[in-house]
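Each chain gets a letter, A, B and so on, in the order its sequence line appears, and its residues count up from 1.
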Protein chains: 2
Amino acid sequence: MATSFAEENYLKIIYRLSESTLEDISTNAVAELTQTKAASVTDMLRKLAEKGWVNYQKYQGVRLTNEGEKIALSIVRKHRLWEVFLVDKMGFNWDEVHDIAEQLEHIESEALINKLDEFLDFPKTDPHGDPIPNKEGILPELGYLHLSELKENKACILMGVAKDSAVFLQLLTRLNLSLGAKLSVKEINPFDRSISLSINENAPVFISHEVAKNILVKLTKD
Amino acid sequence: MATSFAEENYLKIIYRLSESTLEDISTNAVAELTQTKAASVTDMLRKLAEKGWVNYQKYQGVRLTNEGEKIALSIVRKHRLWEVFLVDKMGFNWDEVHDIAEQLEHIESEALINKLDEFLDFPKTDPHGDPIPNKEGILPELGYLHLSELKENKACILMGVAKDSAVFLQLLTRLNLSLGAKLSVKEINPFDRSISLSINENAPVFISHEVAKNILVKLTKD
DNA sequence: AATATTTTTTAGCCTAGGCTAAAAATTTAT
DNA sequence: ATAAATTTTTAGCCTAGGCTAAAAAATATT
Ligand SMILES: [Mn+2]
Ligand SMILES: [Mn+2]
Ligand SMILES: [Mn+2]
Ligand SMILES: [Mn+2]
């Protein structure tokens, strides 16, 4: 069945919300991310349920069906592959590609996206470190931790970010935090949980807990 | 001002119709190419005139304003650059790219299209031989002739096609007619103006006047 | 010049996807 | 257990961009 841009955006957003919880997704949560009002969301949820892409009972919240998740994953796949294209082939920075990918993710052509995948050498992650589902919709398991979960004196490598808003990414860039950076948690300030962080062996800098929560890392054995 | 997909498609189609005539474009002609009904076209023409993109007086037909032509050319530029990308980088055949480019032409990002242009080495023509407007909206002047205009015993090179429907392109491919082919008009049948045509020095084959009309060539001095 | 045909416009309707305001259900606080 | 607050749904409205059928204008034919 054909999917409109609006439907695809709703499914993608319900998918994203489902990643971080096992509970049903609330109307308000969807409204916030789609930048629409709760009343509009209620309407759309009924339509999506009608098409068999979500399970929805009024007042009970919403969950993707298998069918709906398949569609969401195909949009995520397209979004992330286009982001790789924009950074690797077009020379954009990581903070410039999200909005363009929001448009490109709706281009409908199986053939194109699979050729693009090949052209890019079947990347496993996008420029923000997010995993790219393969043709079958399977996500590679990356097992990253949030920097905020680490204890003091742990060393790690920056593998991704949990948020790709331009302001956040530009902040990271200004701090010299890019994919692959070697990080070491020197001190955790108990007052506000801000972190004193050494980046690539340099003198430590302070980052807030909020920033640390959105940085994904892989521990290094040392 | 922002342009919707529908508006962009209308402007592009009015532009295409204007290329082959100096007269005003009729409501019906637009309806045919947009695959809509005349009543819908009348509606949209009023809106486009309102926005200053066309000159339109009821019952008098329509013409693009300078502003409207600028928009149309930017859509054409995007369409054709994406077609080059699809053929040169993604490995599609020339008969497979038009419909995908119909989608990609609406992606809105000046930065992207200019980077794409550079990535493709600033091509002058698309995979069908059609000229690609530059950043300033200037079309390269190619000066091609329609094969149907040639006299007997004239030699030429196939430089483009005037129609990019998949069936037409597949027919050409089957006849071994691709960009760059050396053609020679051996005989013009006065009955139906069909042409006996030698392709790359091979034994002549017959093509209809209708086919010849849609083949663009450049004469070779011989 | 009058009539017939074709083209274009108008009028009224429809669907998708938004919105606000009010009502209803659920959740939280007392 | 009520009452208050919050969340969600309903009802009614709007715009974009389609449609059909009927009316009006332009064009062609006799
Ligand atoms: Mn989107
Ligand atoms: Mn990303
Ligand atoms: Mn289009
Ligand atoms: Mn083309």
Asks: Using the side-chain heavy atoms of A:T27, tell me which of these nucleotides is nearest: C:dC19, D:dT8, D:dT10.
Replies: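 Among the listed nucleotides, the one closest to the side chain of A:T27 is D:dT8.
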Asks: B:S4 side chain N/O closer than 4.0 Å to the phosphate oxygens (OP1, OP2) of D:dG17?
Replies: yes
Asks: Less than 4.0 angstrom between a side-chain N/O of B:N28 and OP1 or OP2 of C:dT6, yes or no?
Replies: no
Asks: Can you check the B:E8 CD to D:dG17 P distance for me, whole Å?
Replies: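 Atom-to-atom, B:E8 to D:dG17, this comes out as 11 Å.
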Asks: Under 4.0 Å from OP1 or OP2 of C:dT9: is there any side-chain N or O of B:Y56 that close?
Replies: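 True: B:Y56 side-chain N/O within range (under 4.0 Å) of C:dT9 OP1/OP2.
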Asks: Taking 4.0 angstrom as the limit, do A:K154 and A:E149 come out as a salt bridge?
Replies: no
Asks: With the threshold set at 4.0 Å, does a side-chain nitrogen-carboxylate oxygen contact exist between A:E210 and A:K213?
Replies: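 Answer for the salt bridge query: yes.
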Asks: Mind checking if A:T42 touches a base, just sugar-phosphate, or nothing, with heavy atoms under 4.0 Å?
Replies: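 The answer is base, as A:T42 lies within the cut-off (heavy atoms under 4.0 Å) of a base atom.
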Asks: Less than 4.0 angstrom between a side-chain N/O of B:Y59 and OP1 or OP2 of C:dT10, yes or no?
Replies: no
Asks: Specify the residue among A:K58 and A:D43 whose closest nucleotide of DNA chain C lies further upstream toward the 5′ end.
Replies: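 By nearest-heavy-atom nucleotide position, the 5'-most residue is A:D43.
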Asks: For the side chain of B:K47, counting heavy atoms from C-beta on, which of C:dG17, D:dT8, D:dG17 is nearest?
Replies: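 Selected nucleotide (nearest to the side chain): D:dG17.
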Asks: Measure from the side chain of A:K37, starting at C-beta and using heavy atoms only, and say which of C:dC19, D:dT9, C:dT8 lies closest.
Replies: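 Closest nucleotide among those given: C:dC19.
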Asks: If you compare every side-chain N and O of A:S40 against the phosphate oxygens of C:dG18 (OP1, OP2), does one of them come in below 4.0 Å?
Replies: no
